[in-house]
Visitor: 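Can you keep this structure in mind? I'll have questions shortly.
The sequence lines fix the lettering, A, B, ..., with proteins before strands; numbering per chain opens at 1.
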There are 2 protein chains.
Amino acid sequence: MDLRHISFRLLEVFMSVVKTGSISETARRLHLTQPTVSLQIKRLQEAVDEPLVIMQQQKLHVTEAGHELFRTCQRVFGHFDDYNDFLAELKGGERGRCKIAMVNTAQYILPKLLGPYSNLHPHVELPLEIGNRAEVLARFERGEDDIYVFSHPPSLEHAKAARFLQNPLEFIVPTDHPLANQQHVELSELVKYRFLLREPGSATRMLFESELQRRGLVLSNSVQMASNEAIRVAVSSGMGIGVLSRHVLPIGDHGFKVLTVSDASLASHWYFVIRTDRHIAHAARSFLQFAEYNLERYLDAHWVRNELYVLNLS
Amino acid sequence: MDLRHISFRLLEVFMSVVKTGSISETARRLHLTQPTVSLQIKRLQEAVDEPLVIMQQQKLHVTEAGHELFRTCQRVFGHFDDYNDFLAELKGGERGRCKIAMVNTAQYILPKLLGPYSNLHPHVELPLEIGNRAEVLARFERGEDDIYVFSHPPSLEHAKAARFLQNPLEFIVPTDHPLANQQHVELSELVKYRFLLREPGSATRMLFESELQRRGLVLSNSVQMASNEAIRVAVSSGMGIGVLSRHVLPIGDHGFKVLTVSDASLASHWYFVIRTDRHIAHAARSFLQFAEYNLERYLDAHWVRNELYVLNLS
DNA sequence: GTTAGTTATAGGTTATTATCTATGGGCTGA
DNA sequence: TCAGCCCATAGATAATAACCTATAACTAAC
């Protein structure tokens, strides 16, 4: 049989004929005329090259070939029904994939939203990509993900960014550091000591360095380290001073002390970024909507800065 | 999604695009131009109202919706492949149904063909209908079966009949009957005794009675019985003379004796009858072809009269 | 920076499909 | 016997599907 000359409409009509056992009745139900249905069946039989129904004693009898075709149609339409269900869930954001790329530091924040979201929407896949700022930026350029999380606003074309959380930076020193017990320290005092910093592209470092530049200060000595954890551990073991997002600092005593720097309050923001030159994936919209409504609930409300409305979700 | 605007061709093209990961390559393989394929995919996406593939970095990426549709298509085409296999078997006579209606007496003959045929073609259903001549004739009129077996040529419209076996009639008498030991008996002698006969419509009786009429003879005494078996048993117990097809007589001694009637040799033929106003079912053709080639093998070759060629099978 | 490969879009042609109305013929049951 | 069902067929039309060519725009590689 030649599938090319068979349409779904044709099969629908055929199924109705088998179900009702009548061409006229089918015509009535499908709001067609009797000759139309008659002709459709004829065409279908030509495509199959085998009689599907035969008139016998004024009644329509379905042949073996017809019965088997009917069963085949049932299965086929069943699969399309399943696909429609799938589509509905996909479009409703209940299913599908929302790929999120984030800079390293965001690892400490995003899971607080992702966990509850994932529990509510178990069929949504949430693959995470974590890299340094340059890597995530490259992913954005290539459009590899649905949502990007940065702590420094990337002013790019085809992008919409929305703040959702403040990102205060803290200076930490070893507990035995000369400055550890001073009530108030000034930035100019700090720069005399050795600093442990992330790579040049990182948002934390950029923010810190632009502040130094603004104030005309220069670091006397700095060591580059690959991760926030490495810096934390290095500070605890006395290697120098670290500058870290408050969100990555564990609560309680961990062998370092947070300084109160009187003349420098460094803070950036966390942003959700999406591309505007693509349609946003349903699951991604679903996640961002969830975030918009639940930021205060799952993140430290004190730092939340909910500006997700700029993304025009909904 | 609206199935009405989706054709199988469209899905075929889509599947090729997913498989090759390229619109141009698909165009080449399916002997289409690239814009054609491009447009088809666009139309399919409109019907589904959801992107199925997206261009990213000069490469085609299949979305979740696309993947799921692809899987759906695989299943759907799988079902149609199965149906095609079914159709092929049906058309080859390897599958399907061949409904045969036969008069009572044929029960003794047809199984000899049906058994071997059924072993060779295990997927062919062979429902049998058995009745007296009138009943089978009525079934023929209504076209309820694929093949009819008669022993008297029904000269009907829309029918083709082909002889395949002689049907000699024999006179049987109880072993203690006055005629039982006579070498030669004449018909005029016989009619003085009581006869056991089938109902008026039966072929055996019709043949016998027309012979009597031709010869100007009249039965003095006859009793009607409903089946060949009943007649056989009745003859054995001395009730009278029977006229039966030779094919229904068991071999060996069974309490009756076959007469040699010198001036009457009654014989009709067995016929396969099919309607000419319907397409013959593939399985029916298959069975008749089998019969045409194997009559001599499975029936008593002495009585075979193979004229099945008149049915124009093959 | 030119070439070669990709996809997308515009515009047009042809074949097919999906319908319709009108009509004819066959049964059935009043 | 005739009305009232059924299905089949003929003939016509409007929509659309399935293609094409030409062209534009983008990117990767030489």
Visitor: Classify the nucleic acid contact of B:R142 as base, sugar-phosphate or nothing, counting any heavy atom under 4.0 Å across all strands shown.
Guide: nothing
Visitor: Rounded to the nearest Å, what distance is computed from the CG atom of residue A:L10 to the P atom of nucleotide C:dA18?
Guide: 6 Å
Visitor: Assuming nearest nucleotide by heavy-atom distance, tell me which of B:T36 and B:H5 is located more 5' along DNA chain D.
Guide: B:H5
Visitor: Whole angstroms only, please: what is the NE2-P distance between B:H61 and C:dT6?
Guide: 16 Å
Visitor: Hey, is the main chain of A:Y271 close enough, under 3.5 Å, to the side chain of A:Y148 for a donor-acceptor pair?
Guide: no
Visitor: Between D:dC7, C:dT19, C:dT7, which nucleotide gets closest to the side-chain atoms of B:S22?
Guide: C:dT7
Visitor: Strictly below 4.0 Å: does B:S38 bring a side-chain N or O up to OP1 or OP2 of C:dT7?
Guide: no
Visitor: With respect to B:D145, which candidate in B:K99, B:R275, B:M102 satisfies the side chain to side chain contact (heavy atoms under 4.5 Å, CB included) definition?
Guide: B:K99
Visitor: For B:K59, answer base if it contacts any base atom (sugar-phosphate contacts may also be present), sugar-phosphate if it contacts only those atoms, and nothing otherwise; contact means non-hydrogen atoms under 4.0 Å.
Guide: nothing
Visitor: What is the distance from CD of A:Q56 to P of D:dA8, rounded to the nearest Å?
Guide: 14 Å
Visitor: If you take the centroid of each ring, where Trp contributes its six-membered ring, are B:F140 and B:F150 closer together than 6.0 Å?
Guide: no
Visitor: Looking only at side-chain atoms of A:M55, point me to the closest of D:dA8, D:dC19, C:dA18.
Guide: D:dA8
Visitor: So if I apply the side-chain hydrogen bond (donor to acceptor under 3.5 Å, both in side chains) rule between A:H79 and each of B:R71, B:H79, B:Q74, which one comes out positive?
Guide: B:H79
Visitor: Could you state the CZ-P distance from A:F14 to C:dA18, rounded to the nearest angstrom?
Guide: 16 Å
Visitor: Check the distance between C:dT17's P and A:L30's CG and give it to me in whole angstrom.
Guide: 19 Å
Visitor: Is the phosphate of C:dA8, meaning OP1 or OP2, less than 4.0 Å from a side-chain N or O of B:R43?
Guide: no
Visitor: To the nearest Å, give me how far apart CZ (B:R28) and C1' (D:dC20) are.
Guide: 17 Å
Visitor: If you compare every side-chain N and O of A:R4 against the phosphate oxygens of D:dA18 (OP1, OP2), does one of them come in below 4.0 Å?
Guide: no
Visitor: Which residue lies toward the 5' end of DNA chain D, A:P35 or A:Q58, if each is placed at its nearest nucleotide?
Guide: A:Q58
Visitor: Please report the closest heavy-atom contact between A:V124 and A:G93, naming both atoms and the distance.
Guide: CG2-O, 3.3 Å
Visitor: Hey, is the side chain of A:Q40 pairing donor to acceptor with the base of C:dA18 inside 3.5 Å?
Guide: no
Visitor: Do you know which two heavy atoms are closest between B:K91 and A:V48, and how far apart they sit?
Guide: NZ-O, 3.1 Å
Visitor: What's the CD1-C1' distance between A:I23 and D:dC6, to the nearest Å?
Guide: 9 Å
Visitor: Taking only N and O in the side chain of B:S24, is any of them less than 4.0 Å away from OP1 or OP2 of C:dT7?
Guide: yes
Visitor: Rounding to a whole Å, what distance do you find between B:Q34:CD and D:dT23:P?
Guide: 15 Å
Visitor: Closer to the 5' end of DNA chain C via nearest nucleotide, is it A:T33 or B:L60?
Guide: B:L60
Visitor: Does C:dT17 have OP1 or OP2 sitting under 4.0 Å from an N or O in the side chain of B:R9?
Guide: no
